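Please read all numbers here as calculations on a predicted model, not as lab measurements. Naming convention: chains lettered A, B, ... in sequence-line order (proteins, then strands); numbering from 1 in each chain.
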2 protein chains.
Amino acid sequence: MNPIVNISQQFAAQNYKLTPQREAIVKVLLDNEKDHLSVEEVYMLVKTSYPHLGLATVYRTLELLCELHIVEKMDFGDGVARYDLRGDDHAHMHHHLICNVCGRLEEIKEDWLHDLELRLEQEYGFNVTDHRLDFKGTYNTCKRNGCKGEKDCQAVS
Amino acid sequence: MNPIVNISQQFAAQNYKLTPQREAIVKVLLDNEKDHLSVEEVYMLVKTSYPHLGLATVYRTLELLCELHIVEKMDFGDGVARYDLRGDDHAHMHHHLICNVCGRLEEIKEDWLHDLELRLEQEYGFNVTDHRLDFKGTYNTCKRNGCKGEKDCQAVS
DNA sequence: TTATAATTAGTAATCGTTACGAATTAAGCA
DNA sequence: TGCTTAATTCGTAACGATTACTAATTATAA
Ligand SMILES: [Mn+2]
Ligand SMILES: [Mn+2]
Ligand SMILES: [Zn+2]
Ligand SMILES: [Zn+2]
């Protein structure tokens, strides 16, 4: 399904309207789904398609998207909040690999935590509703060659 | 080994001194190892043992402890950075269970990610140096009874 | 001692975020 | 259609956690 239509329906389901401003912001996120944009970055990017949009609207819309579990607010330790599309069904938050050498950030969409969450349910009586798993480390290629900023590099900051 | 002596040696190993101010701050962290204190909370607590200690020194010392991998700077989404003792050898960052109902935070010291990290090495050529794993969910006891603030509750904020 | 470096204290400045009032737009209804 | 009310947006002021900076203090070394 067209992701904009899909998101529009999720807005409607909670009695929210997908205003032109909100749609412009959502499109920026979809057009940069590999990135993890900050508020300021979204603000800059959305200005090209909607020049008069205000910064406060970006803050409010991203907060709303969090509430709807469409995006996840993340902190990568660089002093600004970053926003990450959760993906199709929003059920499971994807995992991250972050390279110490070049800052590249790779996503693992597959859910690697299912077994552990079963164990938490059984041994701890804890029912998991969400999770966050990030790995920091070094790609062997980066260790050997140094990262030369290949085109698939998605540095966080 | 006495944890203060241990930490003192780690300071010395990197040519840092464990000044009285730094020691007072480290003791606050050790005396509250179950908590995840913010800078302001450390500042308040350390004032009882060292009334003249300045806020900037708390910031600087916690930053230094991060650099030495003695503590981990964490963001639980409540607007302030919180600091978490990594534990004995600092090698592995422990995991968290956070209850949606009562905010209780439980730590899992055991490393549940070893197998996944082997897989990352082999399938992704990615050598993990650190990780972060937090689960959000609900304790069955909290779901049934509501959390009545039992004595072992360690709410984050 | 005297010079040099490290550390601390206090506070001003910074900057991401939040709060707020006025203006605009949409929805509901006669 | 007009009128009323609610939702949304805009611009900006206020907030507050963090950082930066200077002077004072303390340790280290010649
Ligand atoms: Mn991501
Ligand atoms: Mn912890
Ligand atoms: Zn790399
Ligand atoms: Zn609970």
K.L.:
Could you pick out which residue, B:Arg22 or B:Tyr43, lies toward the 5' side of DNA chain C when each is mapped onto its nearest nucleotide?
P.N.:
B:Arg22
K.L.:
Want to settle it: does B:Pro20 or B:Leu55 sit nearer the 5' end of DNA chain C, counting the closest nucleotide to each?
P.N.:
B:Pro20
K.L.:
Taking N and O atoms by type only, does the side chain of B:Arg60 place a donor or acceptor under 3.5 Å from a partner on the base of D:dA20?
P.N.:
no
K.L.:
May I ask you to decide if the ring planes of A:Trp112 and A:His95 are parallel, tilted or perpendicular, using 30° and 60° as cut-offs?
P.N.:
tilted
K.L.:
To the side chain of A:Tyr59, which of C:dT7, C:dG16, C:dA9 is closest?
P.N.:
C:dG16
K.L.:
Without decimals, in angstroms, what is the distance between B:Asn15 CG and D:dT28 C1'?
P.N.:
12 Å
K.L.:
Whole-Å distance between D:dT8 C1' and A:Leu62 CG?
P.N.:
16 Å
K.L.:
Where do A:Glu106 and A:Tyr139 land on the side-chain hydrogen bond (donor to acceptor under 3.5 Å, both in side chains) test, with the steps shown first?
P.N.:
CA-CA 11 Å; A:Glu106 182 174 1; A:Tyr139 286 97; 2.4 Å; yes
K.L.:
Counting only side-chain heavy atoms from C-beta out, which of C:dT8, D:dT8, C:dG10 sits nearest to A:Tyr16?
P.N.:
D:dT8
K.L.:
From OH of B:Tyr50 over to C1' of D:dT25, roughly how many Å is that when rounded to an integer?
P.N.:
11 Å
K.L.:
At under 4.0 Å, does any side-chain N or O of B:Gln21 touch on OP1 or OP2 of D:dT26?
P.N.:
no
K.L.:
Could A:Asp134 and A:Arg132 be called an ion pair, given the rule that one side-chain N must be under 4.0 Å from one carboxylate O?
P.N.:
yes
K.L.:
Check A:Glu110 with B:Arg119, please: is the shortest side-chain N to carboxylate O separation under 4.0 Å?
P.N.:
yes
K.L.:
Between B:Val39 and B:Lys17, which has a closest nucleotide on DNA chain D that is more 5'?
P.N.:
B:Val39
K.L.:
Tell me the interatomic distance from B:Leu18, atom CG, to D:dA27, atom P, rounded to whole angstroms.
P.N.:
13 Å
K.L.:
Please state whether the phosphate of D:dA27, meaning OP1 or OP2, lies under 4.0 angstrom from any side-chain nitrogen or oxygen of B:Thr19.
P.N.:
no
K.L.:
Please give, in whole Å, the distance from D:dA17 P to B:Asp75 CG?
P.N.:
14 Å
K.L.:
For the pair made of CD in B:Glu63 and P in C:dT8, what is the distance, rounded to whole Å?
P.N.:
13 Å
K.L.:
Ignoring hydrogens and angles, tell me if any N or O in the side chain of B:His94 forms a donor-acceptor pair with the backbone of B:Glu107 under 3.5 Å.
P.N.:
no
K.L.:
Tell me: NE2 of A:His52 to P of C:dA23, nearest whole Å?
P.N.:
18 Å
K.L.:
Specify the separation, in whole Å, of atom NZ of B:Lys47 and atom P of C:dT8.
P.N.:
15 Å
